[in-house]
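As the structure is a computational prediction, the values presented were derived from the model and not from experiment. Chain letters run A, B, ... following the sequence lines, proteins first and then strands; every chain starts at 1.
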Number of protein chains: 2
Amino acid sequence: MPDLAALELLLAVARLGSLGRAAREVGITQPAASGRIRSMERQLGVALVDRSPRGSRLTEAGALVTDWARRIVEAAEAFDVGAQALRDRRDSRLRVAASMTIAEYLLPGWLIALRARLPDTAVSLIAGNSAVVAGQLLGGQADVGFVEGVGVPAGLDGVVVAQDRLVVVVAPGHVWARRRVPLGAAELSATPLILREEGSGTRAVLEAALGALARPLLELSSTTAVKSAAVSGAGPAVLSELAVGEELAARRLVRIPVEGVRLRRELRAVWPVGHVPVGPVRELLSLTRGAP
Amino acid sequence: MPDLAALELLLAVARLGSLGRAAREVGITQPAASGRIRSMERQLGVALVDRSPRGSRLTEAGALVTDWARRIVEAAEAFDVGAQALRDRRDSRLRVAASMTIAEYLLPGWLIALRARLPDTAVSLIAGNSAVVAGQLLGGQADVGFVEGVGVPAGLDGVVVAQDRLVVVVAPGHVWARRRVPLGAAELSATPLILREEGSGTRAVLEAALGALARPLLELSSTTAVKSAAVSGAGPAVLSELAVGEELAARRLVRIPVEGVRLRRELRAVWPVGHVPVGPVRELLSLTRGAP
DNA sequence: GACACTCATAACCCCAGGTTATGCCCTCAT
DNA sequence: ATGAGGGCATAACCTGGGGTTATGAGTGTC
């Protein structure tokens, strides 16, 4: 498996049309770039770039590989911006406190977009539940927060920035994967499901929407664990749409349509009452408005 | 930036709850794993795992980082399975020929799923346009093909496995990003757009749906180039929904609803007339049925 | 024909990350 | 209590991948 730096180099070559220029962009010398690309081609067993005395162009296979690589590099960029926010807890100009779900799935994308607009704004991130977020804001340790669930914590103002829908998913092998009729509320509430433990946000929403729930098939302590169990065919699970996007795209999970149930919760940006968002906070909010 | 192997190690630690066991799983020794995690914590400036004499558990920050890391590793897995298919052109048991769009966006996911069901089936991939795919199939160099566009090439049978929708997108700063009324066909066809060059599949679909088109704002030669131009605010672009999923999620692009135009094309699995799909081909098709 | 650009090759060098060997800490069973 | 065993850290050592500089060869362009 080639490493991240090599993939970035490949993207640079694709964009700039020359090994040497790509090398300069990623901060290495031309022979180093030449060698890296070659060793990558050896690893993959396919020629990736056509060298010519007046530049380098991607081959067919190279274009394909590059597009796959781009996805890795983009995920790495999200990781990087998130990690940086986690690290820079000191004297950041924009301090964000966010719930886990938001920090995990939405924030990196927002931060990448924010960096495009305000490249020099250092951002710091603290992740925690609603109470933690409220505490950070009221204690003056954060400038803006993001929470999920019903209502705004006391002492805070807020706006809805996104909707989180819960979806019912099963592994592709499950009988439900073949059904074409939407699931009804009655049937859903009568079926044992894979769920988070009692008290979790998603479970609360589900219980509120359905009233009674059948005894869970499995109770697990993290979203990831629920997802893995569902992927491996243990049974149907109910999860945030945000959490299963990749799995649905890759067909590791299949979404089962549901009708007659309202499985949404609001994701809100919040700030202390009276603090009208200005500056970087305002900028960040303008990015999030209308997000999925 | 930590490297891929380190991220995989972190995921293993999260899953197994012990540095030593994680080390064994990824094929290194315990001190090596210990060192890698530590150097990663140094890089990120955050403690990721709580070591105790009876195992290691992720910290809060560690859980967040791990979830971000998981996305990178999953993208890398898709890369890997694709790259392997590209390499193993010799004596593979399942030879797939696919159009670029499908090879790029859908096939890796299918191959991961297929590997879960048939771990020992070597898959090879050839990417090309419809004519290439048809040639490969009729010449006996491929077992199954995937093509986009209207109709099935002569001599082949096929089924629709997915719909590809074209979407209108703009950068978040564009005026259209604020509009709430759907775009009409007339308005769309009167607006200069960023498009692929004449003759490309997506452009053909657009022209078929709209009749006349305004002179393009920009004509570029790859989907990626169109996307980059749109992201950097050059203007509205029309692209396959498959190509812009990430950008929409990360708010680098905003989708503009359109009404009164049918912007779809079918993605089909194809095979030589008479060759009823059996074995691995049948298995692969069962995975793709009903995909987005 | 000189220059400017491409890429490749060769010789050298360094350190990140691996290994083995060992010790400390804690828990649990005898 | 006391060893056995699992879990982690530290230390000393080794290796090779990937970097560097220096140079040459091919192709346009002025």
Side-chain angles (χ1 to χ4, degrees), chain A residues 1-59 61-63 65-66 69 72-73 76 80 83, chain B residues 1-59 61-63 65-66 69 72-73 76 80 83:
Chain A
M1 187 75 202
D3 83 11
L4 278 172
L7 298 180
E8 279 176 50
L9 175 63
L10 181 62
L11 294 186
V13 171
R15 187 153 29 83
L16 301 173
S18 146
L19 289 186
R21 249 173 303 168
R24 230 169 302 137
E25 186 175 82
V26 306
I28 59 178
T29 56
Q30 172 265 318
S34 188
R36 283 210 85 137
I37 295 285
R38 188 151 15 114
S39 85
M40 203 161 152
E41 289 178 318
R42 221 186 28 246
Q43 280 183 325
L44 301 182
V46 185
L48 298 175
V49 308
D50 264 340
R51 285 94 160 154
S52 88
R54 39 185 233 289
S56 293
R57 211 75 215 124
L58 291 181
T59 61
V65 166
T66 302
I72 303 182
V73 170
D80 194 42
Chain B
M1 186 76 202
D3 84 9
L4 279 172
L7 299 180
E8 280 176 51
L9 175 64
L10 180 63
L11 295 187
V13 171
R15 186 153 28 83
L16 300 173
S18 147
L19 290 186
R21 249 173 301 169
R24 230 168 300 137
E25 186 176 81
V26 306
I28 60 178
T29 56
Q30 172 265 316
S34 188
R36 281 208 85 130
I37 296 284
R38 192 163 6 138
S39 83
M40 203 161 150
E41 290 178 318
R42 222 188 23 250
Q43 280 184 325
L44 301 182
V46 184
L48 298 175
V49 307
D50 263 338
R51 286 93 161 153
S52 89
R54 39 185 235 287
S56 294
R57 210 77 215 122
L58 292 180
T59 61
V65 167
T66 302
I72 304 181
V73 171
D80 194 43

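- In this structure, CE of Met1(A) is placed 17 Å from C1' of dG17(D), rounded to the nearest angstrom.
- Counting to the nearest Å, the P atom of dA9(D) and the CZ atom of Arg42(B) are 13 Å from each other.
- Scored by the salt bridge (charged side-chain N to carboxylate O under 4.0 Å, His left out) test, Glu8(A) finds no partners at all (sequence neighbours excluded).
- Arg54(B) places its CZ atom 12 Å from the C1' atom of dC25(C), with the value rounded to the nearest Å.
- Of all the residues in residues 7-23 of chain B, Ser18(B), Leu19(B), Gly20(B), Arg21(B) reach under 4.0 Å from DNA chain D with at least one non-hydrogen atom.
- Rounded to an integer number of Å, the gap from Arg38(A) CZ to dA8(C) C1' is 7 Å.
- The minimum heavy-atom distance between Ala47(A) and Ala61(A), with the atom names listed, is O-CB, 4.1 Å.
- Separation of atoms CG (Leu7(A)) and CG (Leu4(B)) is listed at 7.0 Å; rounding is to 0.5 Å.
- With rounding to whole Å, Ile37(B) atom CD1 is found 14 Å from dG7(D) atom C1'.
- The minimum heavy-atom distance linking Ala33(B) with Ala23(B) is given by the pair CB-CB, 3.5 Å.
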Any protein N or O atoms within reach of nucleotides 14-16 of chain D? Criterion: under 3.5 Å, listing atom names and distances.
none

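- Applying the side-chain hydrogen bond (donor to acceptor under 3.5 Å, both in side chains) test to residues at least two apart or on different chains, the pairs with a partner in residues 19-34 of chain A are Arg15(A)-Glu25(A).
- With Val65(B) as reference, Leu44(B) is the one residue of Val46(B), Leu44(B), Leu58(B) to meet the side-chain contact (heavy atoms from CB on, under 4.5 Å) rule.
- Within the structure, every side-chain polar atom (N or O) of Ser34(A) is placed at least 4.0 Å from both OP1 and OP2 of dT9(C).
- With a 4.5 Å cut-off on side-chain heavy atoms, Leu9(A) and Leu19(A) do not count as touching.
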Query - Summary of protein contacts for nucleotides 10-20 of chain C, nucleotide by nucleotide, where a base hit scores B, a sugar-phosphate-only hit scores S (4.0 Å, heavy atoms) - result: -------SSBB
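- With sequence neighbours left out, Asp50(A) forms a side chain to side chain contact (heavy atoms under 4.5 Å, CB included) with Thr59(A).
- When all heavy atoms are compared, the tightest approach of Pro2(B) to Met40(B) is CB-CG, 4.0 Å.
- Of the residues in residues 46-53 of chain B, those placing a heavy atom less than 4.0 Å from an atom of DNA chain C are Pro53(B), in numerical order.
- Rounding to the nearest 0.5 angstrom, the gap separating the CG atom in Leu11(A) from the OG1 atom in Thr66(A) is 6.5 Å.
- Residues meeting the side chain to side chain contact (heavy atoms under 4.5 Å, CB included) test with Arg54(B), sequence neighbours left out: Ser52(B).
- Pairs passing the salt bridge (charged side-chain N to carboxylate O under 4.0 Å, His left out) check and including a residue from residues 30-44 of chain B, sequence neighbours excluded, read Asp3(B)-Arg36(B), Glu41(B)-Arg51(B).
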